[in-house]
Amino acid sequence: MAAQVEGFRARSWLFAPGDSEKKMTKAMEGVADIVLIDLEDAVAPENKIATRATVHDFIKANPAQRERLWVRINPFDGPYTLGDLAAVMPANPGGIMLPKVYSRAEVEKLDHVLSALEVANGIEEGSTKVIVLITETAEAMFHTGSYKGAPRVVALTWGAEDLADSIGASSNRNPDGSYSFTYELARSLTVLGAATAGVTAIETISADFKDLDALRKRAEGVRRDGFRGMLAIHPAQVDVINAAFTPTEAEIAEAQEIVDVFAANPGVGAIGWKGGMLDRPYLSRAQQLLKQAGR
């Protein structure tokens, strides 16, 4: 079983359809931390099998970018998953996105398949990372806290559209456009599940790629809630997401000041600072922010 990777840092995760070399190239040439080459929703069923070779060849042709090139495979509840993996793993992608899980069992199944394919293709066993979409089925909602120690998993994310379909809902939005309760619950359970597992929480997409101001506000808000990155569906969203999930110089300076205050007063549980009191949770948050900033 592969060791879990904690603190995986990737702010922007940009989807690119696997059946378009032009769009994959544009995504790769941009500044997204991760390019998610899609074999699932972006590819019509009649094109899925042929698209596998396109994706394999694209990754193989760009070895310098390999660690950024991840693949969203089709889910285990359909007929394509094993064929997807058999086709793309010889190219040694940086990671795999597993959609529409029902429970941790599918992550463990994926680990076994990846191990066999890594060994067969001369790839270091356990080296292929995994991000899991943990809220796309109703059943999965009851297992969001079960991924601690799950093999290969470095990040968890959530989705609202497939969840609505799974439930039979006609909409997942309130009249004002915000997510309704069940989908806000999915978001909360994702960040709690990621914290429990010690992995990175990634926010779901913003479908309106033209409203970059709304994207910025949402990204900044979920970062305050504990998310450390966000999925993107259009290259125009990437700069906004990268900026929103990068600590500002002012935030870094304040965090460093808090760390320095506690370092200068070893053994204290709480200490006065700028007219208020700081306790250990403030120190922990400051240390985490500095870690995000690479300090």
Side-chain angles (χ1 to χ4, degrees), residues 1-10 13 15-16 18 24 33-43 48-49 51-63 65-134 136-137 140 143-144 146-159 193-194 197-202 229 231:
M1 180 178 291
Q4 192 174 45
V5 180
E6 297 190 8
F8 183 75
R9 291 197 290 272
W13 302 64
F15 283 109
M24 288 190 290
D33 292 335
I34 300 292
V35 175
L36 283 168
I37 300 172
D38 196 8
L39 287 173
E40 192 206 11
D41 289 343
V43 181
K48 286 185 183 291
I49 293 175
T51 298
R52 293 167 176 164
T54 303
V55 172
H56 168 275
D57 293 349
F58 182 80
I59 297 171
K60 196 76 172 177
N62 293 282
Q65 299 295 326
R66 184 194 63 78
E67 291 188 4
R68 293 175 63 225
L69 301 178
W70 292 41
V71 179
R72 176 164 72 169
I73 59 173
N74 285 280
F76 275 117
D77 65 359
Y80 300 106
T81 318
L82 296 180
D84 289 348
L85 291 167
V88 303
M89 282 305 295
N92 194 12
I96 297 293
M97 171 179 271
L98 181 63
K100 295 186 182 70
V101 299
Y102 289 82
S103 70
R104 176 179 172 144
E106 285 142 302
V107 175
E108 294 173 345
K109 180 178 180 180
L110 176 62
D111 172 54
H112 294 316
V113 176
L114 287 175
S115 290
L117 289 170
E118 286 167 340
V119 171
N121 288 284
I123 300 167
E124 180 185 353
E125 186 177 355
S127 62
T128 308
K129 302 177 181 66
V130 170
I131 180 173
V132 188
L133 273 158
I134 63 169
E136 290 190 306
T137 66
H143 300 283
T144 52
S146 68
Y147 294 92
K148 186 174 184 178
R152 301 177 182 272
V153 175
V154 299
L156 301 178
T157 189
W158 70 286
V199 301
T200 303
I202 303 299
L231 306 179

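If you're wondering where the values come from, they're calculated on a predicted model, not measured in any experiment. Quick note: numbers below take in every heavy atom, side chains included, and nothing from hydrogens, waters or symmetry partners.
- Using a 4.0 Å cut-off between charged side-chain N and carboxylate O, Lys100 and Glu106 make no salt bridge.
- Within the 4.5 Å cutoff, no side-chain heavy atoms of Met97 are placed close to those of Ile73.
- Pro75 and Pro99 get closest at one heavy-atom pair: CB-O, 3.6 Å.
- The two atoms that bring Ser146 and Arg104 nearest to each other are O-NH1, 2.9 Å, heavy atoms only.
- A donor-acceptor pair under 3.5 Å is absent between the side-chain atoms of Lys129 and the main chain of Gly94, judged by distance alone.
- The shortest side-chain heavy-atom distance between Leu133 and Trp158 does not fall under the 4.5 Å cut-off.
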Q. What's the verdict on salt bridge (charged side-chain N to carboxylate O under 4.0 Å, His left out) for Arg72 and Asp41, showing C-alpha distance, side-chain angles and the deciding distance?
A. CA-CA 9 Å; Arg72 176 164 72 169; Asp41 289 343; 3.8 Å; yes
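- To the nearest 0.5 Å, atom CD1 of residue Ile34 and atom CG of residue Leu231 are 11.0 Å apart.
- Paired with Asn74 under the rule side chain to side chain donor-acceptor pair (under 3.5 Å), one option of Thr81, Asp84, Asp38 passes, and it is Asp84.
- Distance NE2/His56 to OG1/Thr51: 14.5 Å, rounded to 0.5 Å.
- Counting heavy atoms from C-beta outward, Thr137 and Val101 have side chains that stay 4.5 Å or more apart.
- Of the inter-residue distances, the one linking Thr144 atom OG1 with Leu156 atom CG reads 9.0 Å to the nearest 0.5 angstrom.
- Under a 3.5 Å cut-off, the side chain of Arg66 and the backbone N or O of Lys60 do not form any donor-acceptor pair.
- Around CD of Glu67, the count of heavy atoms belonging to other residues, nucleotides or ligands within 6.0 Å does not exceed 12.
- Leu110 pairs in a side-chain contact (heavy atoms from CB on, under 4.5 Å) with only one of the listed residues (Thr128, Leu98, Val132), which is Leu98.
- For the atom pair CG (Leu36) and CZ (Arg68), the distance works out to 11.0 Å, reported to the nearest 0.5 Å.
- Checked by atom type and distance alone, the side chain of Asp111 never pairs as donor or acceptor with a backbone atom of Val107 at under 3.5 Å.
- Side-chain atoms of Asn121 do not come within 3.5 Å of backbone N or O of Ile123 as any donor-acceptor pair.
- Taking the six-membered ring where the residue is Trp, Trp70 and Trp13 present perpendicular rings, their angle passing 60° and hence far from 30°.
- Side-chain N or O atoms of Thr157 include one that pairs as donor or acceptor with a backbone N or O of Ile202 at under 3.5 Å.
- Between the OG atom of Ser103 and the NE2 atom of His143 there is a distance of 5.5 Å, given to the nearest 0.5 Å.
- Looking only at distances, a side-chain donor or acceptor of Thr200 sits under 3.5 Å from a matching main-chain atom of Phe8.
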Q. Does the pair Leu117 and Leu85 meet the rule for a side-chain contact (heavy atoms from CB on, under 4.5 Å), with working shown?
A. CA-CA 8 Å; Leu117 289 170; Leu85 291 167; 3.7 Å; yes
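- Taking the side chain as every heavy atom from C-beta outward, Glu118 and Ser127 approach each other to under 4.5 Å.
- Side-chain contact check for Tyr80 versus Leu39: every heavy-atom pair is 4.5 Å or farther apart.
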(Q) As a quick check of understanding, evaluate side-chain contact (heavy atoms from CB on, under 4.5 Å) for Arg52 and Ile49, giving each step before the final call. (A) CA-CA 6 Å; Arg52 293 167 176 164; Ile49 293 175; 3.9 Å; yes
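- For Pro63, the side-chain contact (heavy atoms from CB on, under 4.5 Å) criterion is met by no residue, not counting sequence neighbours.
- Side-chain contact between Leu114 and Met89 is present, with heavy atoms from C-beta onward closer than 4.5 Å.
- Annotation: side chain of Ile59 is in contact with side chain of Val71 (closest heavy-atom distance under 4.5 Å).
- No side-chain heavy atom of Met24 sits less than 4.5 Å from a side-chain heavy atom of Val35.
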